[in-house]
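See below for the structure under consideration.
Since this is a predicted model, take the numbers as computed values, not measurements.
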Amino acid sequence: MAEYSKHMVHVPTYNILRKQDMDKPPVLDVRNLGIDFGGLTAVDSFNITIGPTEISGLIGPNGAGKTTIFNLLTSVYQPTRGSILLKGIDTKGMTTAKVNRMGIARTFQNIRLFGAMTAKENVKVGMHKDIKCSFISSLLRLPPYFKAEKAADKKAMELLEFMGLADVADVKAGSLPYGVQRRLEIARALATNPAILLLDEPAAGMNPSETAELTDTIRRIRDHFQIAIFLIEHDMNLVMNVCEAIAVVNYGKIIAKGTPEQIKSNPAVIEAYLGKQEDASNAEN
Amino acid sequence: MKKLWNNKDTRRNLFTYALVIIAFVVVQIMLGGGMLGYAAKGFLVPVCVYISLAVSLNLLVGVCGELSLGHAGFMGIGAFSGIVMSVVLQNLIPNDVLRLIASMIFGGILAGAFGFLIGIPALRLRGDYLAIVTLAFGEILKNVFSNLYVGTDANGVQFSFSASGVSLAEGGKMILDGPVGATGITKLATFPMGFVLILFTLFVVLNLINSKEGRAIKAIRDNRIAAESVGINVTAFRMKAFVVSAFLAGMAGALFGLNYSSLTASKFNFNTSINILVFVVLGGMGNIMGSVISATVLYILPEALRELEDYRMILYAVVLIVVMLCTWSPKIKGAIAAWKASITEKLSLNKKKGVGNNG
């Protein structure tokens, strides 16, 4: 706890904290994060603080380093500089699996489900660490096995129902339609009991009505599980609708932070997306 | 109970057990009626051993998705350590069946331990590279066996890699004699024991597949990165699959070794590994019942075709190709599915008609 207050006092956060998050330590506190690939600086001095029940967004043009930031947060890459404090603990040197068990779950831009397993099994893989049953009792089918499996089945079905997937519980994940696969990936991530959920372009490939539904789902997830959500998205409608705070990155650096309103009118953001104002006026002349 | 029946996996598993039990009963009846010739009796135990080997390799290749070409190596560890153990325990456990079980367990544990040791460096690799390393490992083991001298006397067991290294006291006995292999083995293996081995292997593998560990292993096979992202320790679970597979292969190997009066290391060569892999691939990756059936058929086939002499391997190859086409060609698969659908349609039509007549 002492660690939190140290950071909270010395470094002002730019985020708009929800009232209920005001007195609580942040779930994710990223300081000066950076990574170089050879001579290329992919991410540099990235700072963000995310409250325990905050929905925040990460936007930026293609190739800005957004997914690289997610990969850094989940220890797929180890940062060259800076630190990631998850619930006050530095995740430096931890494996992806360890970081997940600590409380970060994610989905992928290009869906990565366990294709040959059913939807329910996919969720149950996510629940792995919470299924309390030893290897021996699994092998010998002792009572703890049946008890643990029954509890896991129940919880998996609850999660599937929450995500509107109950009717496809026994369908192979690989043969599900695209939009359903996206929802299943979120269900699997939620099954790991995360403190923060990272969504990498959750609305990619969705039509407007599916996107509207997703907006609703994201809010429901936050309200029901009381967790933080951090998402990368290109669909500005979704981002502006659902996010309470937004960070904009370009060329691996944060160029703006603030509420959706502040971001919409920020000249640096408009420049990053549309080019310089002078250029436009020059063209008019 | 009904709930259990509704689960497709459980139903399939029960069917697999039933198939094995029925086959055992049928063979026992045939044995009792004297319907099996001397040659046929001779390959009852090897068939059981190869079924167990195919099922245990399927755990690695089909369920875990890792190609291993060194399964015969683990089988060999089990065979030779089982033989040594059976001699050592001769006075300690006079009962043949108990001594066989003890030897098999020892063979399994030793093979599992070697699986763990080899797994530490080998499981850092994936796919083709792991296949090559396991292949090399199998060949190394074969050469180790053919240079291993083990003897026992009143003072205990002696190991050496040279013939002069083992100096036995009066009344001592050479168990493994280098390239000559093991000779004068007391044949302990019996067909019922082979049946028990198959059941045990099925029990372990099927229970493992349908547990949280099995789900984690399948998840790693399907998508390694996603498995890591949901907190699965990839290395630990690949190791678990590797060790369990090696353990079961060791047990099967011990039964195999104790089925012959003499055994040389060349039995556990690359060819044997490939044969087991063929059983697995033909039976279907991850399909345990498929492994049982294909191991049985493909082991018996060349033996049954022995009277065709030189042509038998040609016929064997043709059968392999035809089965491959039938099970994997999308066209033939589609045709079979359509044929199945038309039959079920006819059946359901008949049923409806029946209902109509009653009304």
Option in B:I232, B:N210, B:N223 with maximal non-hydrogen atom pairs under 4.5 Å from chain A: B:N223
Most chain B-contacting option - heavy-atom pairs closer than 4.5 Å, from A:H128, A:K129, A:R101, A:E149: A:H128
Closest-packed option against chain A by number of heavy-atom pairs under 4.5 Å, given B:V204, B:I225, B:N233, B:V205: B:I225
From A:S137 atom OG to B:N207 atom CG, the distance as rounded to the nearest 0.5 Å: 11.0 Å
Toward chain A, the part of B:I220 with a non-hydrogen atom under 4.5 Å: neither
Between NZ on residue B:K212 and SG on residue A:C133, distance to nearest 0.5 Å: 6.5 Å
Atom pair CD (B:E228) and OG1 (A:T74), whose distance is rounded to the nearest 0.5 Å: 9.5 Å
Inter-chain contacts: residues 59-69 of chain B against chain A, heavy atoms under 4.5 Å: none
Those residues of residues 109-127 of chain A, ordered by number, that approach chain B below 4.5 Å (heavy atom to heavy atom): A:R112, A:L113, A:F114, A:G115, A:A116, A:M117, A:E121, A:K124, A:V125, A:G126
Which portion of A:Y145 sits near chain B, non-hydrogen atoms under 4.5 angstrom: side chain
Test item: A:F108 and B:S229 side chains (from C-beta on) under 4.5 Å apart, heavy atoms: yes
Side chains of A:F135 and B:L208 in contact at under 4.5 Å (non-hydrogen atoms): yes
Atom pair OG1 (A:T96) and CZ (B:R224), whose distance is rounded to the nearest 0.5 Å: 10.5 Å
Side chain / backbone / both / neither for A:T95 at chain B, heavy atoms under 4.5 Å: neither
